[in-house]
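Note sheet for the following structure.
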Amino acid sequence: MRHIISLLMENESGALSRVAGLFSARGYNIESLNVAPTEDETLSRMTIVTRDSDEVVEQIMKQLNKLVDVVKVVDLSEGLHIEREMMLVKVKAEGIWREEMKRMADIFRGRIIGVTENTYIIELTGAVSKLDAFLEALETGAIIETVRTGTSGIGRGDWVLKV
Amino acid sequence: MELTGAEIVVRCLQEEGVEFLFGYPGGAVLNIYDEIYKQNVFKHVLVRHEQAAVHAADGYSRASGRTGVALVTSGPGATNAVTGIATAYMDSVPLVVITGQVSVPAIGLDAFQEVDTVGITRPCVKHNFLVKDVKDLAATLKKAFYIASTGRPGPVVVDVPKDVTMHKTEFSYPKEISLRSYNPVIKGHDGQIKKAVQMILGAKRPMIYTGGGVILSNAAEVLNKLVRQLGYPCTSTLMGLGGYPSPDPLFLGMLGMHGTFEANMAMQHCDVLVAIGARFDDRVIGNPEHFYQEGRQIIHIDIDPASIAKRVKVDVPIVGDVGEVLREMLKLIQASHEKPEPAALKTWWTQIELWRSRNCLKYDTSSLLIKPQYVVEKLYEVTEGKAFVTSDVGQHQMWAAQFYPFDQPRRWINSGGLGTMGFGLPSAMGVQFAHPDAAVACITGEGSIQMNIQELSTCKQFNLPLKIILLNNRYLGMVRQWQEFFYGNRYSESYMDALPDFAKLAESYGHIGMRIDKPGDVEGALKEAFALKERLVFLDFQTDQSENVYPMIPGGKGLSEMILV
């Protein structure tokens, strides 16, 4: 099953490599990982998406908790949550492509944020499934370059992940 | 007052009450060594190889219960220390290892003797630090000692660049420290403990399975009370030996790959299993699928939540310090009106005694060759079971575990998790420093001893009267045994040719060497050696080359699938 693990860790150099090292050393898979500072500058927040059995995910959570730099860990998939990912796609925008790409961006509520004679850059935000659907909907050959942030997640309602 | 980083390192070690610092100097730590020269609060022990410095600190820690401390230089000093650090990590030994590093501005520029110590050691430490600012040095060292010795203990590396040892700052050593991200659970959950106690008292075929956690948590005494109160059978992993007195009839011997028939059979066929500070590793339960074939309820007590439900499913997990949890359990058991069902327990013990009567550790006592088991048995007799025994890794390690019935914790010191050849001699040095008047024996093989034999020189410098019990079969015995059993007797590279004359070698280091060829001479030689209380004696026992360790569970097999003699 797909799990979205969200954690707070000390904003110290090397903290990221401890998490990455844990996943590679113990053979856990990472579908995506993103990390950035929070409103509290001493803390970073990391979102890790992984796919494995419940037993393995339980072990992953325990191992993450065991890292001295990790302050708190939750599995967002256990409760109501919102997940979002941002993607930038550079697509062909010449001739017949030009109108088609504009239309596709509109349908998926994407924004065109870069324009040249031959290309568009489309920005798209949503759940992973929406981003995947957009890429599938584009005609093969239209995509020149893709870059995705990986999933970020947050719990719904009053529930807050904090120290 | 402002102190340099080097002065701060020394002051911190003094504040922590460090008695011995095991180390080896080099460029990046010269400032620290200069401050060591100027003080006489703690003693520095100069080893001959950085790996030995860490093993010695490790042996000191295991025998004393205190945190071991080692100091090595940058680059090769740090990489040589890695095997020692990984050894301590696998066996949860509290160590603080201070490594020199090139100056901060040189980091990342491939400077002379630079290595990414924090990166290299990350997978084999409990935590590590790179101190880039002298202002953080004292607090970091405080954190290191705190993290190393609390919770599930382990090694912590503090990497100190050379310029940080020169820079000055105000020194104050924090009395206490708390980390928001690190709060080990000590007290077990009351509800879980109650549930466990009910399960324990209702058991018909109970089994108590103890591990290194009992030793680390200093819980031997309460374990003994608990086991005696219940009258239940008890076994131990390699790491837990001495936690419960081995000579006691309730003790079934060590379990696992080379465990006794009775311990492994009882483990497989029990209906309630109480795992205490043990982690169901592959050398203990063998194949987990086979283990599942017999259903049993499992109670698992461990301070590390990640050790619970890692290899087997657990019915009642209890996270907490083993000693704390056992004390709570004992209270509840003593207060309970419920008692174990005597008839069921009697039937269970009858079964166990039947297994025990198989006498699985028997060996040929009429041989004209020296049997390694015989040497260990005689060692036990001559030392009256009171010696501290370290070992290296291989057959001799298993014979030591099987034939020296430890009756106290912290007397048996070996590399169980990582299986580090070369551990025995340097760890014995650390043990002797912790207990200067005790008899310390290192049981070793001719393969292992050569992996750190240079430490005979350290032993001479510090007059360490160790007794080295070399079970010399001219083979890498455990490798040879596997080749005999599983590789059609193809002894690929397991024969040790061109061995030195160990007795003469020991003598050239200034020690006493003996070579023993006949079974009849074993006891006399051991008596003579242990009578020489001031000297290191190296006893080279020429043992039977074909002897194997029994019982044995082949890799991938289950607990009840032992190869027996």
Side-chain angles (χ1 to χ4, degrees), chain A residues 1 3 5-28 30 33 35 37-46 48 50 52-75 78 160-163, chain B residues 86 89-90 92 104 107-108 116-133 136 140 143-144 146-148 150-159 177-185 279-280 288 300 302-314 317 319:
Chain A
M1 190 189 144
H3 291 259
I5 297 169
S6 195
L7 61 91
L8 287 172
M9 59 201 297
E10 299 291 351
N11 188 8
E12 277 172 20
S13 69
L16 170 63
S17 57
R18 286 182 210 281
V19 174
L22 172 69
F23 273 74
S24 64
R26 296 199 179 262
Y28 307 140
I30 301 182
L33 181 157
V35 59
T38 63
E39 75 282 1
D40 175 348
E41 63 182 20
T42 66
L43 290 170
S44 293
R45 180 149 173 169
M46 183 181 284
I48 304 164
T50 184
D52 225 317
S53 67
D54 290 348
E55 290 80 31
V56 172
V57 172
E58 186 190 331
Q59 212 13 247
I60 292 175
M61 300 283 289
K62 285 174 171 177
Q63 293 290 349
L64 285 169
N65 258 312
K66 200 169 152 181
L67 293 175
V68 170
D69 280 339
V70 171
V71 186
K72 241 178 195 176
V73 189
V74 292
D75 183 351
E78 282 178 355
V160 178
L161 174 61
K162 66 174 194 184
V163 181
Chain B
Y89 180 66
M90 287 293 272
S92 308
V104 173
I107 290 177
D116 174 11
T117 301
V118 165
I120 284 179
T121 59
R122 190 181 304 118
C124 60
V125 293
K126 184 169 175 189
H127 197 57
N128 58 18
F129 297 96
L130 168 62
V131 184
K132 282 180 158 173
D133 187 335
D136 301 329
T140 304
K143 280 183 203 168
Y146 173 64
I147 293 169
T150 52
R152 179 179 181 175
V156 177
V157 166
V158 183
D159 201 23
I177 203 127
S178 76
L179 294 164
R180 62 179 172 182
S181 60
Y182 174 75
N183 295 295
V185 175
R279 59 188 178 91
F280 293 91
H300 193 176
D302 205 291
I303 198 159
D304 176 11
S307 278
I308 297 176
K310 184 165 72 177
R311 291 197 83 237
V312 298
K313 291 191 187 81
V314 170
V319 176

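Because the structure is a prediction, the values reported are computed rather than measured. Lettering follows sequence order; numbering is per chain, from 1. Worth knowing before you read on, the calculation uses all heavy atoms, side chains too, and leaves out hydrogens, waters and symmetry mates.
- The CZ atom of A/Arg18 sits 4.5 Å away from atom NE2 of B/His127, with the distance rounded to the nearest 0.5 Å.
- To the nearest 0.5 angstrom, A/Glu12 atom CD is 7.5 Å from B/Phe129 atom CZ.
- Under the side-chain hydrogen bond (donor to acceptor under 3.5 Å, both in side chains) criterion, B/Arg122 pairs with A/Ser17, sequence neighbours left out.
- At a 4.5 Å heavy-atom cutoff, the contact between A/Val163 and chain B is made by side-chain atoms alone.
- Contacts between B/Ile308 and chain A at a heavy-atom distance below 4.5 Å involve backbone atoms as well as side-chain atoms.
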Query raised in the report: Could you walk me through whether A/Leu8 and B/Arg180 pass the side-chain contact (heavy atoms from CB on, under 4.5 Å) check?
Result: CA-CA 11 Å; A/Leu8 287 172; B/Arg180 62 179 172 182; over 6 Å; no
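- Under the ring-ring contact (aromatic ring centres under 6.0 Å, His included) criterion, A/His3 pairs with no residue, sequence neighbours left out.
- You'll find the side chain of A/Lys66 reaches within 4.5 Å of the side chain of B/Arg152, heavy atoms only.
- For B/Asn128, the parts sitting under 4.5 Å from any heavy atom of chain A are the backbone and the side chain alike.
- Looking at A/Ser24, neither its backbone nor its side chain comes within 4.5 Å of chain B, counting heavy atoms on both sides.
- When all heavy atoms are compared, the tightest approach of A/Gln59 to B/Ala306 is NE2-O, 3.2 Å.
- In this structure, B/Lys132 places its NZ atom where only 12 or fewer heavy-atom neighbours from other residues, nucleotides or ligands lie under 6.0 Å away.
- Taken to the nearest 0.5 Å, the OG atom of B/Ser181 stands 11.5 Å off from the CG atom of A/Leu7.
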